[in-house]
Protein chains: 2
Amino acid sequence: MPTVFKILLVDDEQDILDFLSYNLKKDGFEVHVANNGRDAIEIAKTVVPHLVILDVMMPEMDGIETCRELREIPSLKDTMIAFLTARNEDYSQIAGFDVGADDYITKPIKPRVLTSRIKALLRRLNPEETHIDKMEVGGIKIDIERFLVIKNGEEISLPKKEFKLLALLATKPGKVFTREVILHQIWGDEVIVGDRTIDVHIRKLREKLGDNFIKTIKGIGYKFEF
Amino acid sequence: MPTVFKILLVDDEQDILDFLSYNLKKDGFEVHVANNGRDAIEIAKTVVPHLVILDVMMPEMDGIETCRELREIPSLKDTMIAFLTARNEDYSQIAGFDVGADDYITKPIKPRVLTSRIKALLRRLNPEETHIDKMEVGGIKIDIERFLVIKNGEEISLPKKEFKLLALLATKPGKVFTREVILHQIWGDEVIVGDRTIDVHIRKLREKLGDNFIKTIKGIGYKFEF
DNA sequence: CGCAATGTTACCAAACGGTTAAGCAAGTTA
DNA sequence: TAACTTGCTTAACCGTTTGGTAACATTGCG
């Protein structure tokens, strides 16, 4: 557990930056600031903050987009991201985006509420809860962060759907995933795709990984084995 | 203890789904939604949520009926079910139904109350209660998750119907299952198959496992023994 | 022994998954 | 912008597995 938490504030309004910065520093946090998304990403890369507080509304690159890009950076995988929104703002849109935010903070901000909120957030950052996004199964390494599969030291890059499919099967090697479950997990609740779609993706995976990793259970589904 | 809890929301009003979904996702739950009871059952079968939140008032198939059907599904035996009711609704009727709900949540819903309520509910889901889907009987291991039967360390893969049949008989070794019960459990209520169908499947099982596991009780049915 | 209840076998139709090619939509490159 | 990629999905076709049945053999109870 680090002794001092690093927070990166991102907002285009200097007043808000100053206000938050002052309050957070007073509470013992190490505070960094950025006026826009672009700078934020650069600073985040070097500082590697524990928490990024992002204003949703910003010119050029908004909070959503910034968040998405931050989430792409492997070194920030344990960084938490919180959005800052006006209370009456319609953030139903935001909710729809699956950009991986950890919290929403509404303006106007009351300093005491903010810090307790932040502490609660950072409490989640303990080592035992950091989730596993790398797995190694039967000579195949799957790195969820980088969207990479490594087989015999060789990197194989898979398209999104194929990767998700493999990652799903690999979460429980040996367990049989029914076609139904696969559909729901990978394609979602409402999307309807044809029968052969799964097969084709399985085939492509087998093509790239070798035939002996994914086993078919006729009438049921597939499982990952070695 | 699972790291991420899966919640299935069922309501015919999209607004409520959105609202709850947004708040629950924010709290780190994996949220699935359904607009009606029928869909809910389908999704529940594949997703196997830890908690289902059911609106009582829904067109066509109401929450009560949906709950009753959910409770019939073996794979959901560890799933909790909570009803959603309007505060002033007369739910004395509901309480009367012994449909196996675990909680009632009243509208209007306050997000914070909701999540703490949910966390309390889920706390009841401790690991030792989780359902066993492996069994070992008389030198034969049946692994439902992997769809595998292991005899003398050797994996035997069985076709769907045969596997289900064996799994059924093995749930209660020694108990005699009448042909009627077997038909009902494996083929369902409406499908009608000929007299010899069961025999043939039994025969195939005996062929693969050896003759001395499944015993015939003439005039009654079959039992699994060793 | 007689006869209904099973066992057995061979056979057929339907179900299922594998494979390939081709159509799209979106993004890239020239 | 046109010509190519790339990723996802569908359609068509095929071989195999499967589930189910019919016909006949066998069993074992009363």
Side-chain angles (χ1 to χ4, degrees), chain A residues 65 68-69 72 147-149 155-169 176-225, chain B residues 147-149 155-169 176-225:
Chain A
E65 183 51 31
R68 192 178 284 123
E69 296 208 15
E72 301 281 309
F147 253 73
L148 261 183
V149 175
E155 290 188 357
I156 306 173
S157 80
L158 297 176
K160 194 167 60 178
K161 281 270 150 63
E162 283 169 47
F163 188 85
K164 278 175 108 177
L165 178 51
L166 176 63
L168 174 63
L169 294 181
V176 178
F177 291 81
T178 66
R179 303 172 83 84
E180 245 186 353
V181 168
I182 294 172
L183 274 179
H184 267 101
Q185 295 290 325
I186 311 242
W187 277 267
D189 296 342
E190 58 277 315
V191 186
I192 299 164
V193 290
D195 282 5
R196 300 272 63 71
T197 302
I198 293 182
D199 313 4
V200 174
H201 284 279
I202 291 283
R203 189 190 150 278
K204 287 181 176 163
L205 278 175
R206 294 211 251 239
E207 202 171 60
K208 287 163 187 165
L209 302 177
D211 280 356
N212 43 352
F213 284 98
I214 299 170
K215 202 172 170 188
T216 305
I217 311 297
K218 250 196 134 165
I220 312 293
Y222 298 91
K223 67 176 169 179
F224 184 80
E225 254 186 356
Chain B
F147 255 85
L148 262 182
V149 175
E155 292 185 357
I156 305 172
S157 80
L158 298 176
K160 192 166 58 172
K161 280 270 150 63
E162 285 169 46
F163 188 86
K164 279 174 113 179
L165 178 52
L166 176 63
L168 174 64
L169 294 180
V176 179
F177 290 82
T178 66
R179 303 172 82 84
E180 222 183 23
V181 170
I182 294 172
L183 274 179
H184 196 272
Q185 293 290 322
I186 312 250
W187 276 268
D189 298 335
E190 57 277 315
V191 187
I192 298 164
V193 290
D195 282 10
R196 300 273 64 69
T197 302
I198 292 182
D199 313 3
V200 173
H201 283 279
I202 291 284
R203 190 194 147 276
K204 286 177 178 164
L205 277 176
R206 295 212 252 238
E207 200 172 60
K208 286 163 186 164
L209 302 177
D211 279 356
N212 43 351
F213 284 98
I214 299 169
K215 203 172 171 185
T216 306
I217 312 298
K218 225 184 154 160
I220 313 291
Y222 298 91
K223 68 175 172 179
F224 184 82
E225 253 185 359

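Throughout, a chain's letter reflects where its sequence line sits, starting with A, and its residues are numbered from 1. Both backbone and side-chain heavy atoms feed into the values below; hydrogens, waters and symmetry mates do not.
- One atom, CZ of B:F177, and another, C1' of C:dT6, lie 20 Å apart when rounded to the nearest Å.
- With distances taken from any side-chain atom of B:K218 to the nucleotides D:dT9, D:dT17, D:dG28, the minimum falls on D:dG28.
- Closest non-hydrogen pair, A:K208 versus A:I156, comes out as O-CD1, 3.8 Å.
- With A:R206 as the fixed residue, the side chain to side chain donor-acceptor pair (under 3.5 Å) test singles out one of A:N212, A:D211, A:T216: A:T216.
- The aromatic rings of A:F213 and A:F224 sit parallel, their planes meeting at an angle under 30°, below the 60° perpendicular limit.
- Residue A:I186 is out of contact with every strand shown, counting any heavy-atom pair closer than 4.0 Å.
- Summarising the geometry, the separation between CZ on A:F163 and C1' on D:dT6 is reported as 18 Å, rounded to the nearest angstrom.
- Here C:dG18 presents its C1' atom at 17 Å from NZ of A:K215, a figure rounded to the nearest Å.
- Atom CG of A:L158 and atom C1' of D:dG7 are 12 Å apart (whole Å).
- At whole-Å resolution of the value, CZ in A:R179 and C1' in C:dA15 are 11 Å apart.
- Counted by atom type alone, B:T197 and B:R179 present zero donor-acceptor pairs between their side chains at under 3.5 Å.
- The nucleotide whose nearest atom lies closest to any side-chain atom of B:K161 is, among D:dT9, D:dG19, C:dT6, D:dG19.
- The closest side-chain heavy-atom distance from A:D199 to A:Y222 is below 4.5 Å.
- Following rounding to the nearest Å, B:K208 (NZ) and D:dT17 (C1') show an atom-to-atom distance of 10 Å.
- Looking at residues 196-206 of chain B, you'll see B:R196, B:D199, B:V200, B:R203, B:R206 sit with a heavy atom under 4.0 Å from some atom of DNA chain C.
- In this structure, the CD1 atom of B:I182 is 16 Å from the C1' atom of D:dG19, given to the nearest Å.
- By the 4.5 Å heavy-atom criterion applied to side chains, B:L209 and B:L166 are counted as neighbours.
- At a threshold of 4.5 Å between non-hydrogen side-chain atoms, the residues A:K161 and A:I186 count as touching.
- Between A:W187 and the phosphate of D:dT9, there is a side-chain N or O to OP1/OP2 separation shorter than 4.0 Å.
- Look at B:Y222 and you'll find a side-chain N or O under 4.0 angstrom from OP1 or OP2 of C:dG7.
- A:D195 places its CG atom 19 Å from the P atom of D:dC14, with the value rounded to the nearest Å.
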